[in-house]
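Structure, as structure tokens:
In this chain, residues are counted from 1 in sequence order.
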Amino acid sequence: MLLNLERARAIMDERKLDGLVAASAENVTYASGFANWTIYTFKDLEMYVVIPRDGDLSLVAAIDAADYLAQYPTTTSRLYVYGTFHTERRPGVSLTGAEAALVATREEAIRQPNALTALRQALADSGLSGSRIGLDERGMSPSRWQASREALDNVAIEEAGDLFRRIRLIKTPAEIEQLRFAVCAVEQGILAAFERAAPGATEWDLEVAFRTTVAATGATPGHFETSAGTRSAGCFPASAEYRIQAGDVIRSDSGGRYQGYWADTGRTAVLGEPPVELRRYYDALRQGIEAICAQVKPGVPIDTLFETGVQTVREAGIPHYQRHHVGHAIGLEMYEPPVLVGKGGSSDIHRSGGSDLRLEENMIINVELPYYELGLGGLQIEDTLVVRRDGYERLNTADHELRSY
């Protein structure tokens with residue numbers, strides 16, 4: 001199970017809630033294991049997971065979700081479906097495998113005319129009528145939130161988006177394995193892209209190698225922020241025009257997703273010998289990353305990681321180095337709280353979760369120290385770490401050396 005049920009129940013007790021309802025794609029995956037592409041693509045598609053304080057979980061889904069559920073059952077006990085989806089059955093043919101499971105899934109599901117009627121019934125069947133629940137507003141438009149409050153007049157509702165983020169802060173063993181797979185897939189893709197680098201190759205050539213390699217693992221390729229030469233100092237998309245030259249540094253900050261879980265990894269390579277100054281800068285960044293990693297263990301304030309990383313880089317060779325953050329938590333969202341900011345600092349375009357937070361066992365964080373200098377080039381090191389009882393476990397397997405091709 002992906003859901004940290006013990007932690008969820010403790011937070012429900014703290015907030016005096018009798019149940020939670022997941023509504024965003026990320027929280028539906030977290031609560032049930034349902035990770036079909038549809039809920040990440042169709043933003044108006046309604047799906048809910050009812051999580052009682054005591055009792056079994058229920059899933060509310062569109063009828064066409066049964067096709068996915070026939071092959072990948074969830075951790076929920078009851079299924080409520082709504083909507084229409086036409087599938088014909090050939091007379092006289094005995095069905096087996098996923099086809100037979102699909103028929104059984106549809107027959108066993110509790111049908112309702114629409115999603116909110118189904119959710120209301122699921123709450124009642126879970127013994128939550130008249131109770132106080134937390135509803136995940138982050139998966140809803142304002143109009144849908146209002147419609148939910150009107151339709152669910154059998155319960156008292158409070159917003160629960162931030163509660164789900166608090167629960168997800170500490171990862172379960174199943175989540176850690178999902179993330180490990182995603183990290184390895186993306187790392188393989190980056191190394192395959194670097195292998196494709198040669199004089200005359202374009203950044204698009206590298207992107208094809210990355211996406212092909214990641215997809216071959218079973219993961220879904222994500223962003224490919226990878227560029228060469230002085231272009232590597234910008235967060236540019238891959239270009240079909242720029243042709244890689246000897247001496248070019250190639251900075252890659254790339255990602256992907258496996259069963260809903262994100263990887264976000266950074267590595268740097270060079271075609272031949274890089275400019276002397278960039279090699280010196282890279283060594284300073286490497287020392288900064290390793291200094292941050294050495295600090296990682298339960299109880300350490302996140303602003304300590306920030307100060308350690310930035311100060312080490314400055315002392316090691318980039319005295320003017322600046323960053324608005326040195327990493328972030330990761331999971332079903334690429335950026336999850338906490339963002340690793342300094343004391344009183346701002347995560348700028350991302351929510352930080354507060355600089356006073358401390359690391360806890362089984363948190364998963366990305367640590368990163370990129371450097372961008374227009375006219376010279378860019379550098380990137382980014383790793384994914386599991387906070388363990390006495391330190392950390394690094395999910396990346398490639399080392400921190402500047403790779404030469």
Side-chain angles (χ1 to χ4, degrees), residues 183-214 216 221-256 263-291 293 309 312-321 323 367-384 394 396-405:
V183 168
C184 290
V186 168
E187 190 172 75
Q188 288 177 43
I190 291 174
L191 297 181
F194 287 163
E195 291 284 353
R196 180 66 182 81
T202 67
E203 293 167 358
W204 268 21
D205 293 329
L206 273 60
E207 182 163 2
V208 169
F210 169 80
R211 296 193 178 281
T212 301
T213 301
V214 173
H223 66 287
F224 184 69
E225 188 183 287
T226 301
S227 47
T230 58
R231 283 174 46 80
S232 61
C235 300
F236 299 118
S239 168
E241 284 77 37
Y242 182 79
R243 296 193 176 275
I244 298 170
Q245 307 170 36
D248 275 359
V249 165
I250 306 166
R251 183 187 68 83
S252 183
D253 180 356
S254 302
D264 181 19
T265 290
R267 288 291 183 269
T268 307
V270 60
L271 197 62
E273 282 297 317
V276 172
E277 195 168 23
L278 275 181
R279 182 175 286 280
R280 178 166 57 85
Y281 284 176
Y282 185 87
D283 188 59
L285 297 178
R286 181 183 56 77
Q287 291 183 52
I289 285 285
E290 292 172 358
C293 291
T312 299
V313 172
R314 288 173 178 171
E315 293 173 355
I318 313 179
H320 54 279
Y321 187 72
R323 276 294 289 171
V367 294
E368 60 176 319
L369 290 171
Y371 178 71
Y372 318 105
E373 186 170 323
L374 297 172
L376 178 63
L379 304 165
Q380 184 90 21
I381 306 173
E382 184 170 7
D383 278 348
T384 303
R394 192 164 71 100
N396 299 79
T397 59
D399 60 36
H400 294 151
E401 296 306 311
L402 181 59
R403 312 181 82 83
S404 182
Y405 293 86

Minimum heavy-atom distance [X]-[Y], with the two atoms named:
| X | Y | result |
| --- | --- | --- |
| F224 | S254 | CD1-OG, 3.3 Å |
| P275 | V249 | CD-CG2, 4.4 Å |
| R394 | A398 | NH1-O, 3.0 Å |
| A284 | I318 | CB-CG1, 3.9 Å |
| W204 | A238 | NE1-O, 2.9 Å |
| I244 | A197 | CD1-CB, 4.4 Å |

message: Is any side-chain heavy atom of Q287 closer than 4.5 Å to one of E315?
response: no

Counting distance only, does the side-chain N/O of [X] pair as donor-acceptor with the main-chain N or O of [Y] below 3.5 Å?
| X | Y | value |
| --- | --- | --- |
| S404 | G272 | yes |
| R280 | G317 | yes |
| S232 | G229 | yes |
| T213 | A192 | no |
| R251 | G378 | no |
| E203 | S239 | yes |

statement: Across all chains, not counting sequence neighbours, the ring-ring contact (aromatic ring centres under 6.0 Å, His included) partners of Y371 are Y281, H320

Pairing of R286 and D283 as salt bridge, 4.0 angstrom limit: yes

message: Can a side-chain donor-acceptor contact be found between T397 and E187 if the only test is distance below 3.5 angstrom?
response: yes

Can you tell me how far the [atom1] atom of [X] sits from the [atom2] atom of [Y], to the nearest 0.5 Å?
| X | Y | atom1 | atom2 | result |
| --- | --- | --- | --- | --- |
| Y282 | H400 | OH | NE2 | 7.5 Å |
| N396 | I190 | CG | CD1 | 8.5 Å |
| E225 | C235 | CD | SG | 4.0 Å |
| R231 | F236 | CZ | CZ | 6.0 Å |

query: Which is it for T230 and L374 under the side chain to side chain contact (heavy atoms under 4.5 Å, CB included) test, yes or no, and what are the steps along the way?
result: CA-CA 7 Å; T230 58; L374 297 172; over 6 Å; no

message: Does Q188 form a side chain to side chain contact (heavy atoms under 4.5 Å, CB included) with V214? I'd like the steps, not just the answer.
response: CA-CA 7 Å; Q188 288 177 43; V214 173; over 6 Å; no

query: Hey, which of D383, T226, D399 is the one that makes side-chain hydrogen bond (donor to acceptor under 3.5 Å, both in side chains) with R267?
result: D383

- request: Test F210 against V186 for side chain to side chain contact (heavy atoms under 4.5 Å, CB included), laying out the working first.
  value: CA-CA 8 Å; F210 169 80; V186 168; 4.2 Å; yes

- request: Output every pair passing salt bridge (charged side-chain N to carboxylate O under 4.0 Å, His left out) with a member in residues 238-247, not counting sequence neighbours, ordered by first then second residue.
  value: none

